Amino acid sequence: EAEVAQSPRYKITEKSQAVAFWCDPISGHATLYWYRQILGQGPELLVQFQDESVVDDSQLPKDRFSAERLKGVDSTLKIQPAELGDSAMYLCASSEGRGGNPFTEAFFGQGTRLTVV
Amino acid sequence: KQEVTQIPAALSVPEGENLVLNCSFTDSAIYNLQWFRQDPGKGLTSLLLIQSSQREQTSGRLNASLDKSSGRSTLYIAASQPGDSATYLCAVNNLFFGTGTRLTVIP
């Protein structure tokens with residue numbers, strides 16, 4: 001069964017260091033999402049891609065976060081420099097969505113648990 | 001901005017009971033509403049997707065309904081089992097999530 005792949009599963013980094021997360025969506029899925037989930041809360045959207053283009057990054061803290069999906073397939077989310085408050089689960093999801101209904105069923109990866117010390 | 005609310009935040013039931021989880025949203029102009037299950041430390045598993053033109057979807061012991069006019073969706077779980085223990089989240093348009101209901105099914 002096709003899955004969304006994320007790596008690493010766990011990451012511990014020191015404050016002010018750079019950290020990167022990788023996501024490989026289900027093959028053929030045009031839409032890719034990055035979310036941040038703080039313990040006890042629901043996921044919050046950071047960025048949405050349609051193929052290689054950013055559709056929505058209004059909630060992405062652009063002074064320290066960046067995201068790219070250069071060839072419209074896999075994606076990287078980077079934080080530089082990391083802060084203590086960035087400790088959270090970072091989730092990637094993908095959906096077929098394109099054209100008239102961009103919001104089709106979303107499938108999630110296992111996430112990356114980031115701890116900033 | 002769309003606001004999604006899930007009540008209750010936590011629910012504990014004995015095994016075998018039928019139960020209903022609630023999800024409400026403020027803007028009825030939606031494309032879809034999706035229910036997910038999340039086990040501790042894991043990603044989200046899709047349970048049911050209801051498109052805006054649909055009223056309900058069923059999968060096994062799960063049934064989800066959607067009433068756009070009232071801004072509500074419910075997830076009905078029949079004959080609950082200890083393995084159903086998890087946090088259940090609803091999401092609108094893959095963009096706006098509730099904070100979840102943590103379900104515990106007691107053997």
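Lettering follows sequence order; numbering is per chain, from 1. None of the values given here were measured: they were computed from a predicted structure.
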Heavy-atom contact with chain A under 4.5 Å, split by part of [X]:
X     : result
B:N32 : side chain
B:F96 : neither
B:L44 : both

Which pair of heavy atoms, one from [X] and one from [Y], lies closest together, and at what distance?
X     : Y      : result
A:D57 : A:V47  : CB-CG2, 3.9 Å
B:Q2  : B:V92  : NE2-CG1, 3.6 Å
B:D84 : B:L103 : O-CD2, 3.7 Å
B:C23 : B:V4   : SG-CG1, 3.7 Å
A:Q50 : A:R69  : C-NH1, 4.4 Å

> If contact means a heavy atom pair closer than 4.5 Å, which residues of residues 103-117 of chain A contact chain B?
Replying inline: A:F103, A:T104, A:E105, A:A106, A:F108, A:G109, A:Q110
> How would you list, in number order, the residues of residues 9-45 of chain A that have a heavy atom less than 4.5 Å from chain B?
Replying inline: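 From residues 9-45 of chain A, the residues near chain B are A:R9, A:Y33, A:Y35, A:Q37, A:G40, A:Q41, A:G42, A:P43, A:L45.
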Backbone N or O of [Y] within a donor-acceptor pair of the [X] side chain at under 3.5 Å?
X     : Y      : value
B:S85 : B:V105 : yes
A:Q80 : A:S66  : no
B:D27 : B:A29  : yes
B:T87 : B:T101 : no

> Between the side chains of A:D51 and A:S53, is a donor N or O closer than 3.5 angstrom to an acceptor N or O?
Replying inline: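 A:S53 and A:D51 do not have a side-chain donor-acceptor pair below 3.5 Å.
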> Most heavy-atom pairs under 4.5 angstrom with chain A, which of B:Q6, B:K42, B:Q51?
Replying inline: B:K42
> Between B:C90 and B:L33, is any pair of side-chain heavy atoms under 4.5 Å apart?
Replying inline: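 Yes - at least one pair of side-chain heavy atoms lies under 4.5 Å apart.
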